[in-house]
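Bear in mind the structure is a predicted one, so any value in this text is a computation, not a measurement.
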Amino acid sequence: MTVSKQLLQVFPLAIIVIGLLSYNFMSAQWAAPTATAPNNNTLAPINTGISVATIQSAQGYLIFNRFAAANAVWSPQYCDATGDNCFTPSEVSDDMNLPLCTNGQTLVADATGTWICGTPVATPPPTSWLVNNQHSESQCTSLSGTVLTDGSGNKYCRFTRNSCPAGWAPHQNWAAYGVTTSTCGSGSCTSPARAWSNTAGAPSQFTSCRGINGSDGWTPFTCYSAKNQVGCY
C-alpha cells in the first residue's frame, strides 16, 4: 500500500516534467530574427499609437478607398487624377481656392494651367499597326484613309486616290475602278467600273476605232478603266 501511494504521488509530477520537456523541444525549432525589422526581415507594421514626432515611411504606393486627415495633409507635389498635371505648394497661394468637383469630375489643368473641374484625359491606346507593321491605323486615318481588314485578318488602309501616298506600298490587288471613257481615234471607248475587290488588272473594253494614227480604216483598240481607290500599308 505504501509503494502504490508513492507512485500515485510521483505520476502527476512525471507528466508535468514530460510536458515541459516536449514544449522545450518544440519551441527549439523557432529561430529569432536575424536583424531588427525591416532589415532582412518582415517590413515593420504601421503603428497606430505613434506620436507626432515619429515618422513612418513606405517604399511603395499606399492606396486607400477613403482617406481622412484629422489635422493636415502635406506633400511636395499635388497632381490631378491622371498624374500628369501637378503643382507644388510654392506655386499657389495658401488658400489655393480650388473648386470642389462633383458628378464624377476631378481637378484637371486647362490649356492655361488653371485648375478646373473636368474629366481626366484618357490614356491613349497602344499603337495598332497595319499589315507588315509599316504604318499604324492612326497614320491611315490622318491621311483621310479608312482602315479595312482583308480575308486573312490583316489590316490595311483604303485611300480614295489612284495610287498610294509616298512611303506606302499597295496591299495585294485591292482597288476600285470607275467607268472611264477614252478617246479612240475619231471616236471613243468606254470601259466598265469595278467595285472594291482584290482583283488583278484594270477592267477593260475591246473595240475597233477609226482614224487611229491617221488611218481611215478600223483598228482594234482596248481601253482601260481608271483606278479611283487603292489599298495600301
Side-chain angles (χ1 to χ4, degrees), residues 79-86 101 103-233:
C79 305
D80 66 1
T82 66
D84 297 324
N85 302 306
C86 303
C101 301
N103 299 325
Q105 292 187 325
T106 185
L107 286 176
V108 295
D110 63 10
T112 66
T114 302
W115 285 82
I116 61 174
C117 290
T119 303
V121 178
T123 302
T127 302
S128 181
W129 298 100
L130 303 179
V131 62
N132 292 338
N133 296 331
Q134 299 298 310
H135 294 93
S136 66
E137 291 187 25
S138 60
Q139 288 176 307
C140 168
T141 54
S142 67
L143 293 175
S144 301
T146 302
V147 178
L148 300 177
T149 304
D150 62 19
S152 300
N154 298 311
K155 291 184 178 181
Y156 64 100
C157 189
R158 180 174 65 188
F159 294 105
T160 302
R161 51 190 296 168
N162 59 14
S163 62
C164 293
W168 294 65
H171 179 50
Q172 301 175 356
N173 296 299
W174 287 97
Y177 297 81
V179 175
T180 305
T181 300
S182 305
T183 300
C184 177
S186 58
S188 61
C189 173
T190 301
S191 53
R194 181 191 292 162
W196 183 256
S197 65
N198 187 20
T199 306
S204 62
Q205 178 65 45
F206 178 81
T207 187
S208 294
C209 295
R210 191 182 182 93
I212 295 180
N213 297 325
S215 172
D216 291 336
W218 295 93
T219 304
F221 182 83
T222 301
C223 57
Y224 297 90
S225 300
K227 185 183 298 183
N228 54 27
Q229 289 183 319
V230 61
C232 310
Y233 65 88

Name all residues meeting the ring-ring contact (aromatic ring centres under 6.0 Å, His included) criterion together with Tyr233; count only those two or more places apart in sequence or in a different chain, and write none if there are none. none
Within the structure provided, determine whether [X] and [Y] are in side-chain contact (heavy-atom separation under 4.5 Å).
| X | Y | value |
| --- | --- | --- |
| Cys164 | Phe159 | no |
| Trp174 | Leu148 | no |
| Leu130 | Glu137 | yes |
| Thr180 | Ser225 | yes |
| Thr190 | Gln205 | no |
| Ser191 | Tyr177 | no |

Nearest atoms (heavy-atom pairs only) where Cys184 meets Ile212: SG-CD1, 4.2 Å
Taking SG to SG, are Cys140 and Cys157 separated by less than 2.5 Å? yes
Give a yes/no on whether the SG-to-SG distance for Cys223 versus Cys189 is below 2.5 Å. yes
Between atom [atom1] of [X] and atom [atom2] of [Y], what is the distance when rounded to the nearest 0.5 Å?
| X | Y | atom1 | atom2 | value |
| --- | --- | --- | --- | --- |
| Tyr156 | Asn132 | OH | CG | 14.0 Å |
| Gln172 | Asn154 | CD | CG | 7.5 Å |
| Ser142 | His135 | OG | NE2 | 9.5 Å |
| Lys155 | Trp129 | NZ | CH2 | 13.5 Å |
| Ser128 | Gln139 | OG | CD | 11.5 Å |

Output every pair passing salt bridge (Lys or Arg N to Asp or Glu O under 4.0 Å) with a member in residues 189-217, not counting sequence neighbours, ordered by first then second residue. none
Main-chain N/O of Asn198 paired to Asn173 side chain as donor or acceptor, under 3.5 Å: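 A pair under 3.5 Å: no.
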Quick check: does any side chain N or O of Asn213 sit under 3.5 Å from a backbone N or O of Ser215, one acting as donor and the other as acceptor?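 No; judged by distance alone, with no hydrogens or angles, the pair does not exist.
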